[in-house]
Every structure is written in structure tokens, then in C-alpha cells.
There are 2 protein chains.
Amino acid sequence: MGKTKKITIQDVARHANVSVGTIDRVIHNRGKVSPAKREKVEEAIKELNFNPNLLARTLALGNRFTICALIPSTPYPGHYWSIPTQGIDVAAAQFNDYGIVVEYYYYDLFDETSFVKQAGNILNASPHGVIMAPLFLQESKTFTEKLKKKKIPYIFIDADLPGGNSLSYIGPDVKRSAFIAGKLLNSVLPENSEILIVNMVKGFENAAALRRIEDGFREYFQNKGLEKERPIQVLTISSTHKETVFRELTKFYIRNSSVKGVFVTNSKSFLVSEYHRQHELDIRVVGYDLVEDNAHHLKTGGIDFIISQGPFQQGKRAIQTLFDYFVFKKEPEKIQHVPLDIIIYENLDFYISFNRLFMNETKDTIT
Amino acid sequence: MGKTKKITIQDVARHANVSVGTIDRVIHNRGKVSPAKREKVEEAIKELNFNPNLLARTLALGNRFTICALIPSTPYPGHYWSIPTQGIDVAAAQFNDYGIVVEYYYYDLFDETSFVKQAGNILNASPHGVIMAPLFLQESKTFTEKLKKKKIPYIFIDADLPGGNSLSYIGPDVKRSAFIAGKLLNSVLPENSEILIVNMVKGFENAAALRRIEDGFREYFQNKGLEKERPIQVLTISSTHKETVFRELTKFYIRNSSVKGVFVTNSKSFLVSEYHRQHELDIRVVGYDLVEDNAHHLKTGGIDFIISQGPFQQGKRAIQTLFDYFVFKKEPEKIQHVPLDIIIYENLDFYISFNRLFMNETKDTIT
DNA sequence: AAAAAAAGTGTGTGCGCACACACTTTTATG
DNA sequence: CATAAAAGTGTGTGCGCACACACTTTTTTT
């Protein structure tokens, strides 16, 4: 009872009256095998329900796969990009023994040249696969074309590059996420409230993505026939620094006092919330990404909703997708949209703890 | 560049001028090793950043761990319990080569005796670990006490057993989930609407859990001072069959026509939604669990919110927790609360697809 | 019909580690 | 000071698989 013995190629060999060499030839469809024996072996495999042991195979093959991760650096501990990085770390640790080696190539979120430089470094390293956040449109295109020439597969996370020929895109459906933001914000707004969309970007790189976010957001109100009742304005700030953001917000609010809801299109909604708090403004806020600062403002009520795009899962899934591609030659889905988690004060804790609890475990075992 | 060589105990042995046997003794802290060499070895391990290869270790040890899963059977394909089962399947496949063998012992959700019988079977099988959904209070207690005597660790999923001495509980914070249900339902209700809580249970087994759900739900309205404005009634139906549920709903609604919102405390909210549709009632519904039928009613608008308690993750995490416990002797957190996902029409698809996409991969590679 | 080529099959080694065992050196014991 | 006991150390085998290679049998070529 319950003695599910391990079936090995030895067992199959014995059962089919051949040697392990023949089993090997049949499994990998190589070398020469007489039709009679081939059939006998295939029969035996089915009968015994033989599954090759991946551990032994990996050990015997001894091959290594290097993956380069081209992602933004984490300027301070609670920063957004620390989360995908953790996801990558966890998966990397899990697959380390299978020969997966992950190397990070960090670039500066606000500096294209750092991106280009690191991209060059990756090309020199000639890894087996690449994970990247293609946040700079043109530079990313240049890079991926070179990767394609070298036949190095690459996966996009966080943002997609339309027509980028990636092995897979793992990230949010941004238009949909903005649509949800609209729905959520609308649900907490009194009648006849004006709405403000706050963008914080340095240049024009993300223009296309921002466009889709705005579209998605507006679409909700159009679908509900609320365009008139909820006028939407847009404020684009070319910085994420507190002082600049505050100054721009002031410049806006002193001219627009009837705004009752704000949608922040990046992970910095806590800045807006903090501004509201300091100036005693009762304005509802919806934003992205469950970073520590946002969690704090969710708790104090300054932020009403945070939409989280499974950043941890993005990193983890990216590694796993490449692993499956390397080891099992499994073609992944071209688009893997992550769940858009709706985070409120009441369910916040669980999202933070559930993955963190486990990370420690994994890390301990590796170190 | 990037030539991260695999460091083996051989490398360490050479570096420390000892044999692999000594390395082994140091790593496992067994046998006799002179202090001088021990230090040299430890030094070498650190210097080379040696990490034992889990694959090779597993292969050499060759031990097997059997895990029995005592969970409700899946009466029809889209049933709730098919999802945790899938999570278990995925993790089982992943750890299969590590010697983890999972055996299912299904019981009937509405039949205590089937639970007891399967529990007995598990005791006979004497597995290394158990995963169970302790849905029958008394029977579960009896069972876990026997497990404790046999020193077999067990993990609860889906529901906790207070003071049950489990290795870990992986599931929702039910009170909190109900609180969230209150918040969500309230957000879509007009002023002065009555609310109905619908329970569907056979006996009195789940009485304690139901109590906590009701408490959590009511707590929201109390905290907001809405007890008066939103009277809450409770309807408990002792069946999940459509006909019975419909009959009981009719009996209730013909006497209570001012109910505008319903909170269904199990995964069958689609039944209530269907009833509303057939009888053209404009009543809002909040329920649990993203089963297929609920997804469908979310899409048609008959259900407004579904709270999902990561059923897939529950199964997966349970296996992984036992694996870490067996292999790394890692004591898990006693309580691992899963995220309480708020599912609406707009983000439903991603929750369904994200895990499903990957399940196929894993299954293909194993079969 | 002999030689060469091809087809078919088995054996042996190593991947990195755990563990049993043999062996040598030191210490304790009478 | 001999001898038993303990401490300290190295070697060899196997886990399940991949792969190189040697070997035998059959088929093709001249």
C-alpha cells in the first residue's frame, strides 16, 4: 500500500529484455533500434508508467543556463522594483540546482544611457535568455533586435513592447487595469466630482503606455455615460521627487478646487496622498502597486484603492517560463497577463505576508 | 565572464587539503573531525561559497515522502474543490522527483462517515504528512489526535481548527473576509437597503465558522454605524441543491421584499444570482470563490463581487510547506493567511488564466 | 565470396552527494 | 609499556540518467 516504487530505466530495461542503452535510444529517439525492440520498450514504458527522473537527468547533463535580468535598480528598500527582484530571486534559488544562473543588470529608471550600457554588457555575456523591463521604447527595440540576431530568447515583464517578438510578455493588461481604476475611483466619489489623472514621467518614452492608461480610465466613464458628470483633467509631472510633485500639485489645486478624486498612474500615489494629508484635502486616491509607502497610506485612509499587478509573480513566472523553455522546450503563451489585485485597507496584510513568509524559507535553505 | 562554476564538495576538499569524507562530516556535523581541519573546511566552504546540490543530495538519499490529502471530492468539473486539488497536483508534479508522493483520500462534503472512513485509511497508510480540510469539527479532532500520537504532521487548508495543533494553517482569515464582503456589498447598495445573509449547510458542523463569518460581516456595518440603516437578516438553507435553495429563497422573498443585497457564505452564490435573474429581481450579490458558475454570473452582472481565497495557492503552498519541512526541516509559520482577492467582472479573466496557463505546462512535462 | 558499411545492442563512466567501511593515528587504560 | 579504545581520515559504491564507445550481427558493395 502506498509503496509507489520509483521506476527507473533499469526497471524498464528488465521488463523489456533489453539494456538501458536501448531504453535511452528509444526515449531520446536517437541511434539505431530495431522496430521490434522499440515497440517492446514503448510498451514497457507505458505499462510501468515510467517517467524519467528530472533530477538525475539534470545531474547527468550538467548543463548550465544563464539568464540576464535587465531591470531598473532599486534606489531605496521599499521601492517598487524590489518586489519583482524578489520574485526573480526566489525562482532563481529554486532552479539554481537545475543549472539556472541569474545575473542582474540594473539600469537607472531615469537614464536611458544606463539601459543601453547594461544592454551592451548583456550582449557581451551572451546568456541563454534575457528577462527585461522594456521601459525605454527605442532603446529596447534596438536591444531586442540584437538579441534576435544572436537567437537569444527574451521575456518582457512589467511592460509590453508591441511587436517586440518576445518569447512571452508577463505583466498587466494596462488598459484594463486603468479601466478598473476608473471603476474603483467612481465607486467612492460623490456625484458631480471632478477627477484628476496624475502622471509622473521624465521624458516621452512611456507616452504610448500612458496613452493606453488614460484611454482605459476614460473608457469606464464613457461606458457608464459619466463623461459629463465626471470631468477628467490630466496633470503630468516630469519628476517623482516630493518637492517637485508637491509644487506641481499646488499649482494645479489652487486653480482647480472641485477635484474630488485622483488616479495616479505610477507607484507614487503615496506622494499625492501625503500632499492631501498635509493640506487637509478630502480627496480620494487610486493608484498602482503595493509598495510600503502605499500600504501605509492605505492604512491611514489617504489612499482608497491600490491596484497591484502581481510584481512578485511577474519575476517568478519569468524565470519559470525560461526554465521550462530551456529544459522542456516548452513554448510559453505569448501573453501572460497577471491578476490585477484590488488592494484595500482590509486585505492588504495578506498580500504582503503571504509571499514574504515563504521567501525567508527559500533564502535560508540556499545560503 | 559569467562562468559561475559549479562548486562541489570535491572542490572544497581540494581547497582544504582533505578528502570528501571530511567535508561530509563537517557539513552534517557527524563523525569525528579534528578542530584544525574542521576550521579549514568551514573556511573553504565560505571562500568558495559552496552550496550542496539539492538534486544530487536527493538522488543519493533516495528517500520518499508520502503525503495524504484528505479533502472533499469534486462532484462535478467546475466544483470548488477542483481548484485546491489542481494546486496540489501542480506542486506534487513539481516535487515528484524529490520523492514527494501525494495520495488523495476524497470524502463527501455532506457525509461525515466518508470522512471518518478515509481518515482511517490514512492512518493505515501511515504517511509522512497529511493535508486536510477539517470541515467536520468533531471528526477532525478525533483524527488529528490520532495523527499526533503517530507523530504525523498535518496541515489544515481552507478552514482552521482552533487549537488543532497543526503544523500550519493555510487559508483565509474568515472573519476578515466577511468584513470585506460587508464593505463591498455596502458600496453597491442604495441607502436604506435591507441585507440578507444566505448560508447553505447540512448540519451544525460549521456552526462556529458560520458564526465568525456573520460576526465579521456585521462588524463592518457596526463600525460604520450602519446597523439601523442596513438591517441584516439571515437565511440558512440545509442544502445546496437548486430546487431546495430556490424554494427557500421564495419562501423568504415573498415575506421580505425590501432586501437589496445578499451575501452568500459559500461558493454557491451563482444559485442565488440565477434565482434573481429568473425572477427579475434587482438585488446585489457578494459571494465566495471563483468557480466557473460564479465567473459566469459575474460576467452577466448577477454577482457584483466574488471574494476568492486563493484556493489554488492553498493546495500548492500546502505541499510546498510539507516539502520544506521534510527536506529542510523548516518549521513553517503556524498561520499562513492567503490573500483575499476581490474579483469583479473586469479582472476575473486574469485570475482564471494565470494559473491555468502554467498548469498545462507542468502536466505535459510530467505525463 | 570476401570486405566494407550499416544496423543493432550492451557496457562503462561520470554527474554531486551520502554513507558504509577500512584504515591510521592518537589517547586512555591497566 | 603494551594494548584496548577512541579519534581522525580516506576510499569506494550507488542513486538514475546521458553519452561515448566497444562489440556483434546483418546488409550492402565489389
Side-chain angles (χ1 to χ4, degrees), chain A residues 4-42 44-45 48-65 95-100 327-329 365-366, chain B residues 4-42 44-45 48-65 96-100 326-329 365-366:
Chain A
T4 321
K5 266 192 209 163
K6 242 178 215 164
I7 304 293
T8 75
I9 55 171
Q10 290 282 0
D11 299 323
V12 180
R14 221 172 299 128
H15 194 270
N17 269 326
V18 294
S19 74
V20 294
T22 304
I23 307 296
D24 180 76
R25 274 165 223 124
V26 172
I27 289 176
H28 296 93
N29 200 32
R30 61 183 165 202
K32 306 290 173 183
V33 180
S34 69
K37 297 215 167 181
R38 157 162 276 124
E39 195 175 338
K40 277 183 75 177
V41 170
E42 282 168 347
I45 287 177
L48 298 175
N49 187 27
F50 166 73
N51 287 95
N53 186 315
L54 181 59
L55 270 53
R57 171 176 291 178
T58 303
L59 206 59
L61 283 171
N63 44 22
R64 300 181 77 64
F65 305 99
F95 294 121
N96 184 34
D97 290 328
Y98 290 94
I100 300 283
V327 177
F328 302 122
K329 297 169 194 341
T365 61
I366 296 303
Chain B
T4 321
K5 266 193 210 165
K6 241 179 214 163
I7 305 292
T8 75
I9 56 171
Q10 290 283 359
D11 299 323
V12 181
R14 221 171 300 129
H15 194 270
N17 269 327
V18 294
S19 74
V20 294
T22 303
I23 308 297
D24 180 75
R25 275 165 221 122
V26 173
I27 289 176
H28 296 92
N29 201 32
R30 61 184 165 202
K32 308 288 176 184
V33 180
S34 71
K37 298 217 167 180
R38 158 162 274 123
E39 195 175 336
K40 277 184 75 177
V41 169
E42 282 169 347
I45 288 177
L48 299 175
N49 186 29
F50 167 72
N51 286 96
N53 187 315
L54 181 58
L55 270 53
R57 170 175 291 176
T58 304
L59 206 57
L61 284 172
N63 43 21
R64 301 182 75 65
F65 305 100
N96 184 35
D97 290 329
Y98 289 94
I100 301 283
F326 292 150
V327 177
F328 302 121
K329 296 170 193 344
T365 62
I366 296 304

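Every value quoted in this text rests on a predicted model; they were computed, and no experiment measured them. Worth knowing before you read on, the calculation uses all heavy atoms, side chains too, and leaves out hydrogens, waters and symmetry mates.
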From the list [options], which nucleotide is the closest neighbour of the side chain of [X]?
X: A:Arg30; options: C:dG10, D:dA18, D:dT9; result: D:dA18
X: B:Leu61; options: C:dG10, D:dG10, C:dC19; result: C:dC19
X: B:Thr22; options: C:dC19, D:dC19, D:dT9; result: D:dT9
X: B:Pro35; options: D:dG8, C:dC19, D:dC21; result: D:dG8
X: A:Ala60; options: C:dC19, C:dC17, D:dG16; result: D:dG16
X: B:Ser19; options: D:dT9, C:dG10, C:dA18; result: D:dT9

Side chain B:His28, main chain B:Asp24, donor-acceptor under 3.5 Å: yes
Rounded to the nearest angstrom, tell me the gap between atom [atom1] in [X] and atom [atom2] in [N].
X: B:Arg25; N: C:dA20; atom1: CZ; atom2: P; answer: 12 Å
X: A:Asp11; N: D:dG16; atom1: CG; atom2: P; answer: 8 Å
X: B:Asn63; N: D:dG16; atom1: CG; atom2: C1'; answer: 15 Å
X: B:Ile9; N: D:dG12; atom1: CD1; atom2: P; answer: 15 Å
X: B:His28; N: C:dC19; atom1: NE2; atom2: P; answer: 6 Å
X: B:Lys37; N: D:dT9; atom1: NZ; atom2: P; answer: 5 Å
X: B:Asp24; N: C:dA20; atom1: CG; atom2: C1'; answer: 11 Å
X: B:Tyr98; N: C:dG16; atom1: OH; atom2: C1'; answer: 13 Å

Gap between atom CG of B:Asn51 and atom OG1 of B:Thr8 - 0.5 Å precision: 12.5 Å
From CZ (A:Phe95) to OG1 (A:Thr58), nearest 0.5 Å: 11.0 Å
Heavy-atom side-chain proximity of B:Ile27 to B:Ile9 below 4.5 angstrom: yes
Side-chain heavy-atom pair B:Leu59, A:Asn53 within 4.5 angstrom cut-off: yes
Within less than 4.0 Å of OP1 or OP2 of [N], is there a side-chain N or O belonging to [X]?
X: A:Lys6; N: D:dC15; value: no
X: B:Thr58; N: C:dC17; value: no
X: B:Ser34; N: D:dT9; value: yes
X: B:Lys32; N: D:dA7; value: yes
X: A:Thr8; N: D:dG16; value: no

Touch class at under 4.0 angstrom, heavy-atom based, for A:Asn53 against every strand present: sugar-phosphate
Touch class at under 4.0 angstrom, heavy-atom based, for B:Gly62 against every strand present: nothing
Base C:dG8 paired with A:Arg38 side chain (donor-acceptor, <3.5 Å): no
Heavy-atom closest contact (B:Lys37 atom, B:Asn17 atom, distance): NZ-O, 4.4 Å
Along DNA chain C (nearest heavy atom to each residue), the more 5'-positioned of B:Gly21 and A:Val20: A:Val20
First encountered from the 5' end of DNA chain D, between B:Asn17 and B:Ala56: B:Asn17
